[in-house]
Asks: 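Quick one: structure below, then a few questions.
Keep in mind it's a predicted model, so treat the numbers as computed, not measured. Below, chain A is the first sequence line, B the second, and so on; all start at residue 1.
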There are 2 protein chains.
Amino acid sequence: MVSRADAPDAAPPVPVGRGRRGVPGIHDVARLAGVSTATVSRALRGVDRVSAPTRTRVLQAAADLGYVASPSAASLASGRTGVVGVIAPFLSRWFFAHALDGVEGRLREDGLHVLLFNVGTTRSSRSVLLDQQLLRRRVDAVVVLSCDLEPEEVAVLQDLHVPVVTLGVDVTPWHRVGIDDVAAGRTAMQHLLSLGHRDIAYVGGDRVHDVHVATAVDRRAGILQAAEAAGVPAPRELVGDWTLAGGAAAGELLLDAVPRPTAVIAASDEMAVGVLGVARRRGLRVPEDLSVVGVDDHEFAGTHDLTTVAQPVDALGRAAADLLVDVLQQGVAVPRRTVVLPTRLVVRGSTGSLSRTPASPVRAS
Amino acid sequence: MVSRADAPDAAPPVPVGRGRRGVPGIHDVARLAGVSTATVSRALRGVDRVSAPTRTRVLQAAADLGYVASPSAASLASGRTGVVGVIAPFLSRWFFAHALDGVEGRLREDGLHVLLFNVGTTRSSRSVLLDQQLLRRRVDAVVVLSCDLEPEEVAVLQDLHVPVVTLGVDVTPWHRVGIDDVAAGRTAMQHLLSLGHRDIAYVGGDRVHDVHVATAVDRRAGILQAAEAAGVPAPRELVGDWTLAGGAAAGELLLDAVPRPTAVIAASDEMAVGVLGVARRRGLRVPEDLSVVGVDDHEFAGTHDLTTVAQPVDALGRAAADLLVDVLQQGVAVPRRTVVLPTRLVVRGSTGSLSRTPASPVRAS
DNA sequence: TTGAAAGCGTTACCAA
DNA sequence: TTGGTAACGCTTTCAA
């Protein structure tokens, strides 16, 4: 009924003990508690030496007044903002949404806020990071979510002179949290090799337009390692873009090839599902005619019965935030740190032993 | 190699024209441009009357110095923060991730920042919203993403005295963006009725623990409308929780029922896919033995060949931000506004005519 | 342990 | 159109 706008700044005749903007200020608390503003500041932040009784009195006064310190004023005076900038190339993709969730949850535990920067993937959208100094003096630290940055972008962030933690990418000067992508690729490959597959294809990322090239490259390196160790020829590689559609496009090429590979590793579950879709449309049986492995353990991996190398994305997010909180508490000089979380092979129905009887109805459908 | 921490505050001998913290301040720009700080402030913000030559000079000086106004100082002086708080019960679920994406993208176009508040769903996590006044003076406005709020939570937000826009829920005093959930339910139901289905079940939300009760209730209302209009008995309703697992749980109950319904409407695609999974495990053919409709048009709806009522979530997010930007520009008094975006039936393979020959192989698999 | 007062770096009002 | 200057509301140093 009542529109908020109905009651603008026109607060009632200014209650006792309220600053001019209708909100109590530190002076009001000081007056009520019978101490100086300096003491209020100290007591409220829990730092410094304040006697127990004084602190109690201040806390009570603040509570009575419903006092909350002005973030702007506090930042201006202290130089700290209590805000962490999170930079991501996407928000709605599985990996990023979950990573963000983890980061936000952990930071909140320490009273830190998250300021979101979806920088996108195109040059123009990315200029956000460069053109304006959006982050300057606005954040105490930065988390970069799996996003390759141009040298100038790195320079801009460096220029902020705040700690930076990367998640899923490796940028030399910064702290890093991630999985062992080489091991992830190796795990997937070894699984297929153990099932007897020899002609295996890899759907990776796009080396040119990708926003996190190293991820796909590292996973491929692991695949090659395993192939080499098993004396199997290097898998052919197709370009994907991490999405369902990209996986499907790669799948089209792959399943038309002669000879058709007997197994496919995709660098993400979304691409793997794309491949599965094409296989189904082609009338191929999975896993009799084709085995498929993904990476992620996306929630829809289960519904597609997809074997995958699971990565703990929420935990990665928390770990990144953990690291950041720690670095922030340490003060200035903290040597570069790296946190690597383990992956785990989740075997489902999309992978199976190589069947040499392509047409036989091995599986009742 | 070089840890960021290696070069702390110890900047080189302070270059000419730099404030004490090593970053140029408005005074440095004023000096370089030969004007007052007041003029610099006006010129840089593009507001007020500043002569063209003066403005040019100031802009040049600012650019030369790489000057960026301190957000804290600006907020303190102006009372505006340029930040919008976004409140959500989840970050990683499809709907929320996409809505957030839309909101962020649109706000960025107007230079507004997004401060994220994942308030969760449990009482304790939700207390975030209440206990501390996290938002006070930190944001110029708030967007609430599909989240039912307790009266006290509404009061806290009201107390902020900033514009609030809700997305996907309807909280009386606030602006609202969403779809017509009643129509969405009706559309799904009419589709099934037109295919000859009469025994239809609905998997909705949990009326008690749900974080957006009205959504499921409204969709059900639309279903009932359509049922009534067609002279068909009201569908039985099962409780879901919007997730895959919840849909699967409801599906178990539903597909064990005697008689088994011939069609299911789920209030979200994730739940619909959960039902499909159970159907598959039960050996039921879709759509010969069971038709399933969802709501959302989740990216995995396609891979599961799911018929669904699509809602434009990114667009909803943009619309919410649009509305907010407009309200913010209007100044104080803006009567409550509502924006409703259309949904669209997307027919895929999970729905079909009612088949009275349960065992016949109607469909080659 | 506490208080006084000097910033922090802008914006906005009022004069010029 | 421009400049001077008083806020803005804290934190922090220095003394007491």
Side-chain angles (χ1 to χ4, degrees), chain A residues 9 17-31 33-59 61-62 65-83 133 136-138 140, chain B residues 9 17-59 61-62 65-83 133 136-138 140 331:
Chain A
D9 299 29
R18 309 225 135 211
R20 51 197 79 188
R21 279 191 187 173
V23 178
I26 198 170
H27 279 101
D28 301 306
V29 179
R31 204 174 308 132
V35 296
S36 71
T37 60
T39 299
V40 173
S41 177
R42 288 186 286 245
L44 254 28
R45 279 174 303 141
V47 300
D48 285 319
R49 325 98 300 188
V50 176
S51 72
T54 305
R55 160 165 300 136
T56 311
R57 210 143 29 88
V58 171
L59 258 39
L65 259 34
Y67 169 75
V68 180
S70 153
S72 320
S75 308
L76 184 57
S78 71
R80 281 172 263 104
T81 64
V83 175
Q133 299 264 23
R136 165 139 290 163
R137 307 212 231 178
R138 214 177 256 286
D140 291 343
Chain B
D9 298 30
R18 310 224 136 212
R20 48 198 84 184
R21 279 188 187 174
V23 178
I26 198 169
H27 279 101
D28 301 307
V29 180
R31 203 173 309 132
L32 185 57
V35 296
S36 70
T37 59
T39 300
V40 172
S41 179
R42 287 186 288 244
L44 254 29
R45 281 174 301 143
V47 301
D48 284 320
R49 323 98 302 187
V50 176
S51 72
T54 304
R55 160 164 300 137
T56 311
R57 209 142 29 87
V58 171
L59 258 38
L65 258 36
Y67 168 76
V68 181
S70 154
S72 319
S75 307
L76 185 57
S78 71
R80 280 172 265 106
T81 63
V83 175
Q133 299 263 23
R136 164 139 292 165
R137 307 210 231 179
R138 214 177 255 287
D140 290 344

Asks: What is the distance from CZ of A:Arg31 to P of C:dA4, rounded to the nearest Å?
Replies: 13 Å
Asks: At 10 degrees resolution, what angle do the end axes of the helix from C:dT1-D:dA16 to C:dA16-D:dT1 form when each is taken over five base pairs?
Replies: 30°
Asks: Determine: side-chain N/O of A:Ser36 to OP1/OP2 of C:dG3, distance under 4.0 Å, yes or no.
Replies: yes
Asks: Taking salt bridge (charged side-chain N to carboxylate O under 4.0 Å, His left out) as the definition, give me every residue that meets it alongside B:Arg57, ordered by chain and number, with sequence neighbours left out.
Replies: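 None.
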Asks: Using a 4.0 Å heavy-atom cut-off across all strands, classify B:Ser72 as base, sugar-phosphate, or nothing.
Replies: nothing
Asks: Partners of A:Ser36 by side-chain hydrogen bond (donor to acceptor under 3.5 Å, both in side chains), sequence neighbours excluded?
Replies: A:Thr39
Asks: Counting the atoms with a prime plus P, OP1 and OP2 as sugar-phosphate, which does A:His27 contact under 4.0 Å by heavy atoms, base, sugar-phosphate, or nothing?
Replies: nothing
Asks: From CZ of B:Arg138 over to P of D:dG9, roughly how many Å is that when rounded to an integer?
Replies: 16 Å
Asks: Between B:Ser75 and B:Ser72, do the side chains contain an N or O donor and an N or O acceptor separated by less than 3.5 Å?
Replies: no
Asks: Can you name the residues that form a side-chain hydrogen bond (donor to acceptor under 3.5 Å, both in side chains) with B:Thr37, not counting sequence neighbours?
Replies: none
Asks: Determine, for nucleotides 11-16 of chain D in 5'-to-3' order, which nucleotides have protein heavy atoms under 4.0 Å from the base (write B), from only the sugar-phosphate (write S), or from neither (write -).
Replies: BBB---
Asks: Rounded to whole Å, please give me the gap between CG in B:Asp28 and C1' in C:dC8.
Replies: 14 Å
Asks: Just to verify, what does B:Ser41 make a side-chain hydrogen bond (donor to acceptor under 3.5 Å, both in side chains) with, not counting sequence neighbours?
Replies: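 Checked B:Ser41 against side-chain hydrogen bond (donor to acceptor under 3.5 Å, both in side chains); matches are B:Arg45.
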Asks: With sequence neighbours excluded, what pairs up with A:Thr81 under the side-chain hydrogen bond (donor to acceptor under 3.5 Å, both in side chains) test?
Replies: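 Listed in chain order: A:Asp140.
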Asks: Using atom CG of B:Leu76 as one end and atom C1' of D:dC10 as the other, report the distance to the nearest whole Å.
Replies: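 The answer, rounded to whole Å, is 8 Å.
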Asks: Holding to salt bridge (charged side-chain N to carboxylate O under 4.0 Å, His left out), I want the full list of residues that pass it with A:Arg42, two or more places apart in sequence or in another chain.
Replies: none
Asks: With sequence neighbours excluded, what pairs up with B:Ala74 under the side chain to side chain contact (heavy atoms under 4.5 Å, CB included) test?
Replies: none
